[in-house]
Amino acid sequence: QVQLDESGGGLVQPGGSLTLSCTGSGNVHGLFAMGWYRQVPGQQRELVAAIKISGYTNYGDFVKGRFTISREKDKNAVHLQMNNLKPEDTAVYYCTSAATRTALVNGGGETWGQGTPVTVSS
């Protein structure tokens with residue numbers, strides 16, 4: 001079984017930056033791929049970024065170079081550095097992990113964190 005612990009959300013002004021962090025524990029096979037989805041009330045959850053243990057990454061189309069996902073392999077931790085944040089980035093961000101990259105980028109993995117809210121507003 002895998003557990004994910006998230007941190008780092010909050011309120012930021014447009015153009016500002018935030019870093020989200022997620023640390024996984026438990027069955028390492030379920031931590032092969034880790035990443036972030038986000039969800040706005042009334043809308044579907046969408047992929048923000050994903051990273052395999054090898055370091056291979058995927059990003060949602062809307063990211064356009066503003067966000068960077070990284071991974072600390074020895075800690076099973078991932079970090080999402082978000083720069084040039086926009087009001088439309090306001091959402092609840094969820095960490096997720098999966099045994100395969102395919103599963104993670106196609107709807108998310110088997111395990112989800114509790115979600116951390118990000119609000120971009122002046």
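For the single chain, residues carry numbers from 1 onward in sequence order. All values below were derived from every heavy atom in this structure, side-chain atoms included, with hydrogens, water molecules and symmetry-related copies excluded.
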- prompt: With sequence neighbours left out, what residues match S7 under side chain to side chain contact (heavy atoms under 4.5 Å, CB included)?
  reply: S21

message: Using a 4.5 Å cut-off between side-chain heavy atoms of Ile, Leu, Val, Met, Phe, Trp and Tyr, which other residues end up in the same hydrophobic cluster as Y56?
response: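 Via sub-4.5 Å side-chain contacts, Y56 links to none.
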
- request: Sequence neighbours left out, what passes salt bridge (Lys or Arg N to Asp or Glu O under 4.0 Å) with R66? Give chain and number order.
  value: D89

Side chain to side chain contact (heavy atoms under 4.5 Å, CB included) against N83, all qualifying residues, sequence neighbours excluded: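 Listed in chain order: S17, Q81.
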
message: Strictly by disulfide (SG to SG under 2.5 Å), give each pair with a member in residues 41-74 just once, sequence neighbours left out.
response: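 Sorted pair list comes back empty.
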
query: Is F62 reachable from L20 through a run of I, L, V, M, F, W or Y residues, each pair having side-chain heavy atoms under 4.5 Å apart?
result: yes

task: Any chance you could measure K52, atom NZ, to T102, atom OG1, to the nearest 0.5 Å?
output: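 One finds 8.5 Å between NZ of K52 and OG1 of T102.
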
- request: Please answer: with hydrophobic residues joined when any side-chain heavy atoms are less than 4.5 Å apart, are V63 and V105 in the same cluster?
  value: no

message: Checking S70 now: which residues fulfil side chain to side chain contact (heavy atoms under 4.5 Å, CB included) with it, not counting sequence neighbours?
response: H79

query: Hey, what do you get for CG (L4) to OG1 (T23), rounding to the nearest 0.5 Å?
result: 9.0 Å

query: Tell me, which pairs form a salt bridge (Lys or Arg N to Asp or Glu O under 4.0 Å) where one or both residues lie in residues 41-50, sequence neighbours left out?
result: R38-E46

List, one per line, each side-chain donor-acceptor pair under 3.5 Å for residues 109-122, sequence neighbours excluded.
| from | atom 1 | to | atom 2 | distance (Å) |
| --- | --- | --- | --- | --- |
| E110 | OE1 | A99 | N | 3.4 |
| W112 | NE1 | G109 | O | 3.2 |
| T116 | OG1 | G9 | N | 3.2 |

Shortest non-hydrogen contact from A33 toward L104: O-CD1, 3.3 Å

- prompt: Does any pair with a residue in residues 80-100 pass ring-ring contact (aromatic ring centres under 6.0 Å, His included), and if so which ones, sequence neighbours excluded?
  reply: none

message: Show the nearest heavy-atom pair for residues E6 and C95, with the distance to one decimal.
response: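 It is OE2-N, 2.6 Å.
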
task: Go through the steps to decide whether V2 and L31 satisfy the test side-chain contact (heavy atoms from CB on, under 4.5 Å), and finish with yes or no.
output: CA-CA 8 Å; V2 172; L31 295 167; 3.5 Å; yes

query: Who are the salt bridge (Lys or Arg N to Asp or Glu O under 4.0 Å) partners of K73, not counting sequence neighbours?
result: none

- prompt: Run the side-chain contact (heavy atoms from CB on, under 4.5 Å) check on Q44 and Q39 step by step: do they pass?
  reply: CA-CA 6 Å; Q44 284 193 328; Q39 188 169 28; 5.8 Å; no

query: Are any side-chain N or O atoms of Y37 and backbone N or O atoms of V92, one a donor and one an acceptor, separated by less than 3.5 Å?
result: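 Here the side-chain-to-backbone pair does not exist.
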
message: Going by the rule side chain to side chain contact (heavy atoms under 4.5 Å, CB included), which residues pair with V28 if we only count those two or more places apart in sequence or in a different chain?
response: N76

Side-chain heavy atoms of L85 within contact of F67, under 4.5 Å: yes

query: Counting only heavy atoms not in Q1, do more than 12 sit closer than 6.0 Å to its CD atom?
result: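 At most 12 heavy atoms, drawn from other residues, nucleotides or ligands, come within 6.0 Å of this atom.
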
task: Drop me the distance from S97's OG to I51's CD1, to the nearest 0.5 angstrom.
output: 13.5 Å

Validation row: W36, Y59 side chains within 4.5 angstrom (heavy atoms): no

message: To check you understand the geometry: which heavy-atom pair defines the closest contact between A50 and L47, and what is its length?
response: CB-CD1, 4.3 Å

- request: Give a yes or no answer on whether the side chain of T96 reaches the backbone of G108 with a donor-acceptor pair at less than 3.5 Å.
  value: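 Checked: no pair found.
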
- request: Could you identify which residues cluster with F32, counting Ile, Leu, Val, Met, Phe, Trp and Tyr as linked when any side-chain heavy atoms lie under 4.5 Å apart, either directly or through a chain of such contacts?
  value: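 Members alongside F32: I53.
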
